Asks: 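Can you read through this structure? Questions will come right after.
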Amino acid sequence: MKRCAWAPPDDALMRQYHDNEYGQKMDNDTQLFEKLCLEGFQAGLSWRTVLKKREDFRRCFFDFDIDKVSTMTQRDIDMLMNDSRIIRNRAKITAVIENAKLQKQYFGEKGAFADYVYSYKNGDKLSCDLKKKGYIFAGPVICESFLMSVGAIEGHEKNCYLYKGEN
């Protein structure tokens with residue numbers, strides 16, 4: 001089976017993610033928020049690095065529960081900055097917390113974030129709107145990667161067995 005080049009046959013972690021998660025639509029707002037946050041943590045790094053730490057991110061950020069994350073404080077940020085299990089970048093950690101507050105404000109109703117995400121077919125436009133709302137670490141490259149990873153736009157390479165064509 002031919003896969004995207006970023007999921008080589010000798011990398012079980014990336015292959016599993018590619019085959020079972022990448023490009024799959026999801027309707028769970030919490031999972032979508034998590035994916036957006038993790039795409040932010042990935043900025044400047046490899047997705048493999050984030051994927052290896054995903055369970056630790058979930059533990060540190062209360063499974064990305066918006067209500068819990070939105071109440072995190074400076075003390076929590078300081079503790080996370082000393083937690084070697086995750087990517088220790090103050091701006092990225094702060095972004096998760098601040099974005100959770102905005103997430104609650106704009107998308108508190110179940111399914112609202114999913115409807116919003118899947119109404120976009122372009123990372124630039126999604127980024128522009130999220131930034132207008134005040135989101136941090138939601139630039140065009142992050143948003144484009146996010147939209148591909150959650151199946152809003154085609155992200156698989158044309159020669160990949162999972163390629164479905166342009167959405």
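This structure is a prediction, so every number in the text was calculated from the model and none was measured.
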Asks: Would you please indicate if the ring centroids of Tyr22 and Trp6 are separated by under 6.0 Å?
Replies: yes
Asks: Give the minimum heavy-atom separation between Ala138 and Ser127, together with the two atoms involved.
Replies: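 Where Ala138 meets Ser127 most closely, the heavy atoms are O-OG, 2.6 Å.
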Asks: Could you go step by step and tell me if Lys125 and Asp129 meet the salt bridge (Lys or Arg N to Asp or Glu O under 4.0 Å) rule?
Replies: CA-CA 6 Å; Lys125 290 180 181 177; Asp129 194 58; over 6 Å; no
Asks: Would you say Asp27 has more than 12 foreign heavy atoms packed within less than 6.0 Å of its CG?
Replies: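 Result for CG/Asp27: open.
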Asks: Between Glu154 (side chain only) and Lys164 (backbone N and O only), is there a donor and an acceptor less than 3.5 Å apart?
Replies: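 Yes; judged by distance alone, with no hydrogens or angles, the pair exists.
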Asks: Write down the atom of Ala114, the atom of Asp29, and the distance for their closest heavy-atom approach.
Replies: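 Result for this residue pair: N-OD1, 2.9 Å.
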Asks: Determine the interplanar angle of the Phe33 and Phe64 rings, folded into 0 to 90°, and report it as parallel if under 30°, tilted if 30 to 60°, perpendicular if over 60°.
Replies: perpendicular
Asks: Check this for me: Glu109, atom CD, are more than 12 non-hydrogen atoms of other residues, nucleotides or ligands nearer than 6.0 Å?
Replies: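 Open: at most 12 neighbouring heavy atoms sit under 6.0 Å from CD of Glu109.
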Asks: Check for a donor-acceptor pair, side chain of Lys121 on one end and backbone N or O of Ile153 on the other, with a separation under 3.5 Å.
Replies: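 Such a contact is absent between Lys121 side chain and Ile153 backbone.
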Asks: Flag yes if Tyr17 and Leu45 sit in one hydrophobic cluster, no otherwise; membership is Ile, Leu, Val, Met, Phe, Trp, Tyr, and two members link when side-chain heavy atoms are under 4.5 Å apart.
Replies: yes
Asks: Would Trp47 end up clustered with Met26 when hydrophobic side chains under 4.5 Å apart are linked, directly or stepwise?
Replies: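 Cluster IDs for Trp47 and Met26 match.
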Asks: Taking Asp65's backbone N and O only, do any of them form a donor-acceptor pair with Asp63's side chain (distance below 3.5 Å, no angle check)?
Replies: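 No: the side chain of Asp63 does not pair with the backbone of Asp65.
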Asks: Side chains of Asp76 and Thr73 only: does a donor on one sit below 3.5 Å from an acceptor on the other?
Replies: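 Short answer, yes.
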Asks: Quickly, which of His18, Arg48, Gln16 forms a side-chain hydrogen bond (donor to acceptor under 3.5 Å, both in side chains) with Asp11? Name it, please.
Replies: Arg48
Asks: Which word best sums up how the rings of Tyr120 and Tyr116 line up, parallel for under 30°, tilted for 30 to 60°, or perpendicular for over 60°?
Replies: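 Because their plane-to-plane angle is over 60°, the rings of Tyr120 and Tyr116 count as perpendicular.
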Asks: Where do Lys92 and Gln42 come nearest, in terms of heavy atoms and distance?
Replies: NZ-C, 4.5 Å
Asks: Any donor and acceptor pair, going by atom type alone, linking the side chain of Glu39 with main-chain N or O of Ile142 inside 3.5 Å?
Replies: no
Asks: Within the distance-only criterion (no hydrogens, no angle test), does the side chain of Glu157 pair as donor or acceptor with the backbone N or O of Ala5 below 3.5 angstrom?
Replies: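 Side chain of Glu157 to backbone of Ala5, a donor-acceptor pair under 3.5 Å: yes, one is there.
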Asks: Please find the pair of heavy atoms, one from Leu147 and one from Gly123, that lie closest to each other, and give the distance.
Replies: CD1-N, 3.7 Å
Asks: Relative to each other, are the rings of Phe41 and Phe57 parallel, tilted or perpendicular (30° and 60° limits)?
Replies: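 Geometry flag for Phe57 against Phe41: tilted rings.
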